[in-house]
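Down below is the structure, laid out as structure tokens.
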Amino acid sequence: MLELYNTLSRKKEPFKPLHEGEVRMYVCGPTVYDSSHLGHARSIVAFDVIRRYLEYKGFDVRFIQNFTDIDDKMIKRADEEGTSTVDLATKYIQEYFEDFDKLGVKRATAFPKATEHIPEMIEHIQKLVKKGYAYEANNSVYFRVSKFKKYGKLSRQERSKEDAEEPEPAELEEKEQPEDFALWKAMKPGEPFWESPWGKGRPGWHIECSVMSTKYLGESIDIHGGGLDLVFPHHENEIAQSEALTGKPFVRYWMHNGFLTVNKEKMSKSLGNFFTIQEITAKYDPEVVRLFLISSQYRSPIDFSDAQLEEAKSRLVRIHNAIDLLQRRLHEAHETEARDPLKPSDADAELWDRLMTFQKEFETAMDDDFNTPMALASLSSFLSKTNAILSSDSTVTTGTLLKVYEILDRIGEVLGLFRDRMQLGAIKTAEATATEELIRLLIELRAQARKKKDFETADYIRKQLKEYGILLEDEKTGTTWKWI
RNA sequence: GCCGAGGUGGCGGAGUGGCCACGCGACAGCCUGCAGAGCUGUUCUAUGUGGGUUCAAAUCCCACCCUCGGCUCCA
């Protein structure tokens with residue numbers, strides 16, 4: 001039974017989607033005025049794993065993530081760079097996809113942009129005005145917080161003392177109460193604008209998520225996610241805007257990820273202590289970065305350091321080695337069985353047993369609010385056992401090995417890890433085939449030298465190959481090699 | 001001030017009443033011509049401090065100390 005922590009109740013709750021077998025989730029995406037940094041990756045990867053696990057559980061997941069492509073920061077940055085907000089957005093959205101494809105993040109069902117939903121936002125605001133939840137002042141429109149009685153139910157904050165947007169004296173004068181927030185902002189000279197019933201202007205920040213969530217997923221959705229910093233005011237305001245209009249619960253489960261910190265301080269643009277995803281992936285394999293990010297539970301803070309990335313790297317190598325061993329045994333078993341079918345042995349039984357235990361442990365961990373560290377622990381234990389069995393003299397049938405393979409593949413799919421490693425019989429180019437044959441020839445020569453106790457030649461071959469990035473490893477059943 | 005998260009071994013990180021995951025590092029043994037990988041074991045009588053409850057507490061209660069975050073843009 002899947003349980004997840006709901007920020008609304010501050011408790012873990014059993015997860016039951018609104019529509020049987022289907023999950024509708026919305027995650028707040030970035031404002032595309034600058035490169036994504038590792039803090040963003042923390043959030044995006046966390047919800048990617050959540051989404052993947054829901055799919056593993058058999059849910060049909062509709063996953064929407066927005067791009068905020070118009071707001072104060074967009075305008076300011078476009079001005080500084082002498083470009084338009086549209087070009088700025090195009091540039092960083094493209095970069096966003098490059099970064100997160102690299103990190104193995106699955107694409108959302110749709111990536112709606114704020115500027116593509118202006119008419120819907122205007123309509124929503126008009127309805128709020130009609131119902132008395134919003135009012136116009138000097139060509140801007142504000143939400144009347146005092147009218148929405150449940151305001152503060154998510155963040156447990158009394159009403160905000162300031163506008164959620166930049167507090168400007170002019171705005172404060174326009175607003176009835178300081179806690180009211182902007183739904184529509186009147187145009188200032190030189191700014192991009194859209195026509196509206198209140199004159200030229202642009203939407204406030206919060207309205208886009210309410211509108212796009214409703215448009216793509218319906219008035220009530222299952223999961224709405226984002227960073228902990230969005231709880232107030234962003235998500236609180238989304239609830240107000242949406243529920244004031246529909247009278248229905250906007251979101252059933254609010255989920256918020258913890259921060260990525262550096263020296264225990266939040267990684268953020270304003271503190272200047274951030275690393276972009278491009279910087280990090282230039283230094284570490286994206287898969288290492290991903291493993292690092294999921295080695296903490298998504299709600300816990302996670303502290304960045306090179307030592308942590310190095311640890312993740314070692315861990316990943318270990319996982320890869322275990323998979324490589326499995327692949328070799330599978331090929332061997334396959335060749336053997338082509339001649340003479342293998343009988344299931346005690347090793348088969350034990351491996352099978354461990355596999356079932358592993359799968360159960362993995363699911364229990366993930367069912368408990370997506371406890372990825374515990375899930376990884378079960379993986380480690382299982383791989384240790386697999387290594388022990390596959391390194392011993394006992395034989396395991398292809399049937400069992402294939403089952404191990406299948407389950408590892410499914411779990412790799414949930415974590416977004418090591419699946420590249422698992423390609424069986426990948427198609428090779430002619431050059432690659434020739435290279436492999438040459439390497440095998442050298443291994444054969446070295447084996448002959450070793451047989452004659454000519455270790456000088458044997459070590460020379462191994463050393464030279466290592467220089468070319470090829471690592472030889474001697475096993476009982478022969479010598480294996482891999483690229484390093 | 002208000003709201004919230006957290007302090008676990010050399011390090012990272014789980015665990016919400018008993019026997020304390022898992023990983024990284026270090027060391028030892030097995031294996032090996034050597035190395036690597038792998039396995040096994042040790043490091044490991046770890047739970048911010050002081051009290052209390054209990055046969056039993058990292059886990060529950062009380063007090064205190066410290067760190068970080070939100071209340072202004074932020075994943």
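A, B, ... follow the sequence lines: proteins, then strands. Residue 1 opens every chain.
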Practice task
Identify whether NZ of Lys or CZ of Arg in A:Arg51 sits under 6.0 Å from the centre of the six-membered ring of A:Phe63 and within 45° of that ring's axis.
Solution key: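 Flagged: A:Arg51 positioned over aromatic ring of A:Phe63.
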Handout entry: Quiz item: cation-pi between A:Arg107 and A:Phe97, 6.0 Å / 45°
Key =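 Positive - A:Arg107 is close enough to the ring of A:Phe97 and near enough to its axis.
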Exercise for the section: Please determine, by modelled atom types, if A:Tyr33 and A:Asp69 share a side-chain donor-acceptor pair under 3.5 angstrom. Expected result: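 Not at all, the side chains of A:Tyr33 and A:Asp69 share no donor-acceptor pair under 3.5 Å.
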Handout entry: Donor-acceptor side-chain pairing of A:Glu13 and A:Tyr5 below 3.5 angstrom
Key =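 A:Glu13 vs A:Tyr5: no donor-acceptor pair found between side chains.
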Quick one: is [N] close enough that its OP1 or OP2 comes under 4.0 Å of any side-chain N or O from [X]?
X: A:Asn321; N: B:rA37; result: no
X: A:Ser314; N: B:rG25; result: yes
X: A:Ser384; N: B:rC39; result: yes

Handout entry: Residues, nucleotides or ligands: over 12 heavy atoms within 6.0 Å of A:Lys153 NZ
Key =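 Count over threshold, so yes.
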Problem - Dot-bracket encoding of pairs in RNA chain B, which uses [ ] for pseudoknotted crossings and | for another strand, Watson-Crick or G-U under 3.5 angstrom - result: (((((((..(((.....[...)))((((((.......))))))....(((((..]....))))))))))))....
Is [X] touching bases, backbone alone, or none of the nucleic acid, heavy atoms closer than 4.0 Å?
X: A:Lys73; answer: sugar-phosphate
X: A:Gly225; answer: nothing
X: A:Arg318; answer: sugar-phosphate
X: A:Asn257; answer: base

Problem - Span that lies between the P atom of B:rG10 and that of B:rG6, in whole angstrom - result: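 One P to the other, the span is 23 Å.
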Exercise for the section: Would you mind checking if A:Arg252 and A:Asp222 are paired as a salt bridge, meaning a charged N to carboxylate O distance below 4.0 Å? Expected result: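 A salt bridge is present here (some side-chain N lies under 4.0 Å from a carboxylate O).
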Practice task
Give, ordered by number, those residues of residues 453-466 of chain A having at least one heavy-atom distance below 4.0 Å to an atom of RNA chain B; if nothing qualifies, reply none.
Solution key: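 A:Phe455, A:Asp459, A:Arg462, in order of number.
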Practice task
Kindly assign one of parallel, tilted or perpendicular to the pair A:Trp254 and A:His224, based on the angle between their ring planes and the thresholds 30° and 60°.
Solution key: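 Because their plane-to-plane angle lies in the 30° to 60° range, the rings of A:Trp254 and A:His224 count as tilted.
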Problem - Contact letters for nucleotides 4-17 of chain B, in which S counts primed atoms plus P, OP1 and OP2 and B counts the base, heavy atoms under 4.0 Å - result: S-------SSSS--
Handout entry: Whole-Å gap separating C1' (B:rG33) and CZ (A:Arg446)
Key =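 In whole Å, B:rG33 C1' and A:Arg446 CZ are 10 Å from each other.
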